[in-house]
Amino acid sequence: YVVELPLEISTPEARRQLLALFSAGTRLTNVMVQHGRDVVAAVRADPAWAAARKLPNKTLPQRKARQAAFAAVRRSHDFSEYAFHAVVARHKNSAGFKGRVGSNVAQKIASRIFKAFDEHLFGSRGLPRFKSRRRPLHSLEEKNHATGIRWDAARCEVRVQDLRLPVRLPDLGKDEWLASALQDKTKYCRLLWRQVRGTRRYYVQLVQEGLVPVKASVLARRAPAGSLGGLDVGPSTVAWVTDTAAELVSFCEELNTPWQAIRRLQRHLDRQRRANNPENYNADGTVKKGRKVWQSSRRQRATEARLRHLQGQLARKRANAHGVLANSLLTQACGWRDDGVSIKALQRNFGRSVGMRAPGMFLTLVHRKAERAGGARIRQDARVLKTSQYDHSTHTFAKKALSERWHVFGDGRGRVQRDIYSAFLARNAVEVVDADGVLGWAHDPVVLEAAWQRIAPALEAKGYFIREGCRIAPVRARKAASSDKVHTLVCAGLAPVESFA
């Protein structure tokens with residue numbers, strides 16, 4: 001796990017040396033990106049690579065033969081992590097960076113570039129790009145804690161070669177988590193910087209050995225071991241269900257304010273960019289094709305700085321909101337199941353909302369925290385379970401329009417909020433093993449009906465389940481950290497359904 005601490009850069013000499021260190025890291029990164037592009041181009045141009053791609057891969061022996069063919073082509077072009085280490089060492093020595101960049105730091109740069117091109121070679125990611133003024137290098141890290149960037153706990157400072165940088169520590173008597181985290185062994189350090197209100201601020205990240213410390217107050221609120229819940233994460237809401245409780249909460253509602261400010265700045269920046277570069281736009285307002293030179297004014301650069309600050313503020317608020325929601329979930333259950341909805345599908349359909357709230361990052365955080373609590377996040381197959389279509393009362397599937405927020409039971413018992421019911425189905429799905437021994441998931445109507453009888457009273461009390469002949473005011477997602485009023489039920493005994501026509 002990582003402990004991040006701010007650095008005190010009090011002298012111009014220290015700031016100059018740090019700038020020189022990151023400048024050298026940027027140059028080595030760009031050299032290795034160019035080397036990676038050359039090697040990947042040579043590998044793909046090799047006829048043996050095209051022949052390996054045509055090999056069959058249906059059976060296990062065929063897959064092994066195909067992998068061996070790919071590996072032979074990679075070896076013939078020195079496409080390996082250790083070959084990248086040798087190249088970066090040669091460039092580092094020829095550039096005279098021996099006293100500025102350590103060998104381990106240079107090898108970590110090479111490893112990062114190699115992994116990026118390794119994924120790009122097989123189509124898992126795009127082409128790695130060069131570092132520039134607009135896309136600078138933000139971090140450098142070591143391989144161990146023996147040389148280079150080191151943390152000196154006795155003096156509360158970080159050593160970077162011969163440079164000593166003091167760390168600004170809070171009062172450890174008031175920070176239980178940090179005091180416990182600093183007791184663990186440091187495996188290696190990472191140096192990084194961020195732009196905060198136009199000023200470059202430096203930080204050190206200590207990669208600690210062991211498990212993340214947990215506060216005593218958090219342990220006291222944690223759900224008992226073995227408890228299980230179901231999740232349904234959408235672009236703007238999160239529904240969770242346990243054995244006897246359920247809730248539909250707004251997903252990171254506190255992010256709306258900085259997002260609106262960011263959108264206003266983005267529109268202002270676009271107007272400035274168009275005014276400074278009219279020759280780069282067509283008459284209809286679209287950008288001209290081909291290579292262009294972009295000019296920027298002093299006010300445009302100031303707007304870009306304000307935009308970067310707001311985006312950093314949004315990222316910090318998002319991380320805090322994710323943590324608050326994940327911790328509240330762990331007070332309800334230690335293990336969580338979800339239907340494994342594709343985050344890319346959410347991006348295609350709800351790009352702006354997903355870009356602001358980052359549900360994929362949230363699910364990753366839930367996975368880590370659940371494992372630390374002794375549980376797990378279990379991802380199911382949405383294409384098999386089809387939780388948004390299934391009805392356990394009739395054991396049938398029926399597609400719904402996205403605007404339909406209520407699931408109507410086929411046996412006439414009433415209706416239930418759609419996201420809550422999906423989370424209920426995910427929690428109570430049963431594991432099955434097919435003839436080939438592959439573990440999967442399925443719906444068992446008997447198990448689901450027993451679970452429904454336990455949770456139906458709680459859903460009805462909160463307005464998420466409406467029995468036949470009842471009417472409810474529109475359900476709105478509650479805030480994650482607040483207790484709103486229980487939604488009002490108007491039943492047939494108080495007012496007939498026809499009166500609401």
Side-chain angles (χ1 to χ4, degrees), residues 22-55 57 66-67 69-92 94-95 97 101 105-141 190 192-193 195 266 273 277 280 286-294 296 304 307-308 311 315 342-348 351-352 354-355 358 360-361 364:
F22 276 92
S23 175
T26 300
R27 290 176 61 183
L28 290 177
T29 299
N30 288 338
V31 166
M32 295 310 299
V33 168
Q34 184 60 58
H35 175 72
R37 291 190 175 199
D38 295 340
V39 174
V40 167
V43 168
R44 287 179 170 171
D46 195 327
W49 183 264
R53 293 184 61 186
K54 295 179 181 179
L55 293 176
N57 61 344
R66 195 167 185 261
Q67 291 171 1
F70 280 129
V73 181
R74 289 156 61 96
R75 283 195 304 270
S76 64
H77 292 276
D78 287 335
F79 187 68
S80 67
E81 186 172 359
Y82 292 109
F84 273 57
H85 287 180
V87 172
V88 77
R90 186 167 64 250
H91 285 292
K92 180 178 77 72
S94 62
F97 292 158
V101 181
V105 174
Q107 288 180 7
K108 266 303 185 73
I109 292 175
S111 296
R112 182 163 55 185
I113 301 302
F114 168 76
K115 291 176 182 178
F117 276 102
D118 191 32
E119 294 177 4
H120 169 68
L121 185 62
F122 291 98
S124 300
R125 59 172 292 171
L127 182 66
R129 291 181 281 184
F130 294 100
K131 297 297 179 181
S132 62
R133 183 180 64 85
R134 291 184 176 274
R135 296 179 54 84
L137 181 69
H138 283 273
S139 66
L140 293 169
E141 67 181 25
R190 182 183 298 118
L192 71 152
W193 64 271
Q195 199 83 7
Q266 285 175 336
R273 188 179 296 115
N277 304 273
N280 292 341
T286 58
V287 180
K288 292 181 179 179
K289 294 183 179 180
R291 190 178 183 88
K292 295 171 289 295
V293 177
W294 294 91
S296 62
E304 291 173 348
L307 182 60
R308 285 195 298 268
Q311 288 172 337
S342 171
I343 302 301
K344 290 186 177 181
L346 288 178
Q347 288 174 342
R348 287 192 298 268
R352 182 175 296 180
V354 171
M361 291 177 59
T364 302

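Predicted model, so just to flag it, every value in this text is computed and none were measured.
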Quick one, [X] and [Y] - any side-chain contact, counting heavy atoms below 4.5 Å?
X      : Y      : result
Val39  : Asp78  : no
Val40  : His77  : no
His120 : Leu127 : yes
Trp193 : Pro136 : yes
Lys292 : Asn277 : no

Quiz prompt | Considering all heavy atoms, the nearest Gln266-Gln311 contact | solution =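 Result for this residue pair: NE2-NE2, 4.2 Å.
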
Quiz item: Step by step, would you call Arg112 with Glu81 a salt bridge (Lys or Arg N to Asp or Glu O under 4.0 Å)?
Solution: CA-CA 9 Å; Arg112 182 163 55 185; Glu81 186 172 359; over 6 Å; no

Find the distance between [atom1] ([X]) and [atom2] ([Y]) and round it off to the nearest 0.5 Å.
X      : Y      : atom1 : atom2 : value
Phe22  : Leu140 : CZ    : CG    : 4.5 Å
Ser132 : Leu137 : OG    : CG    : 11.5 Å
Thr26  : Arg135 : OG1   : CZ    : 12.5 Å

Quiz item: Should the heavy atoms of other residues, nucleotides or ligands under 6.0 Å from OH of Tyr82 be counted, would the total exceed 12?
Solution: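 No, OH of Tyr82 has 12 or fewer neighbouring heavy atoms, counting only those of other groups under 6.0 Å.
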
Quiz item: Taking the six-membered ring where the residue is Trp, are the ring centres of Phe114 and Phe79 under 6.0 Å apart?
Solution: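 So the answer is yes for these two rings.
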
Quiz prompt | Flag, side chain of Arg308 to backbone of Gln195, donor-acceptor distance under 3.5 Å | solution =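 Here the side-chain-to-backbone pair does not exist.
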
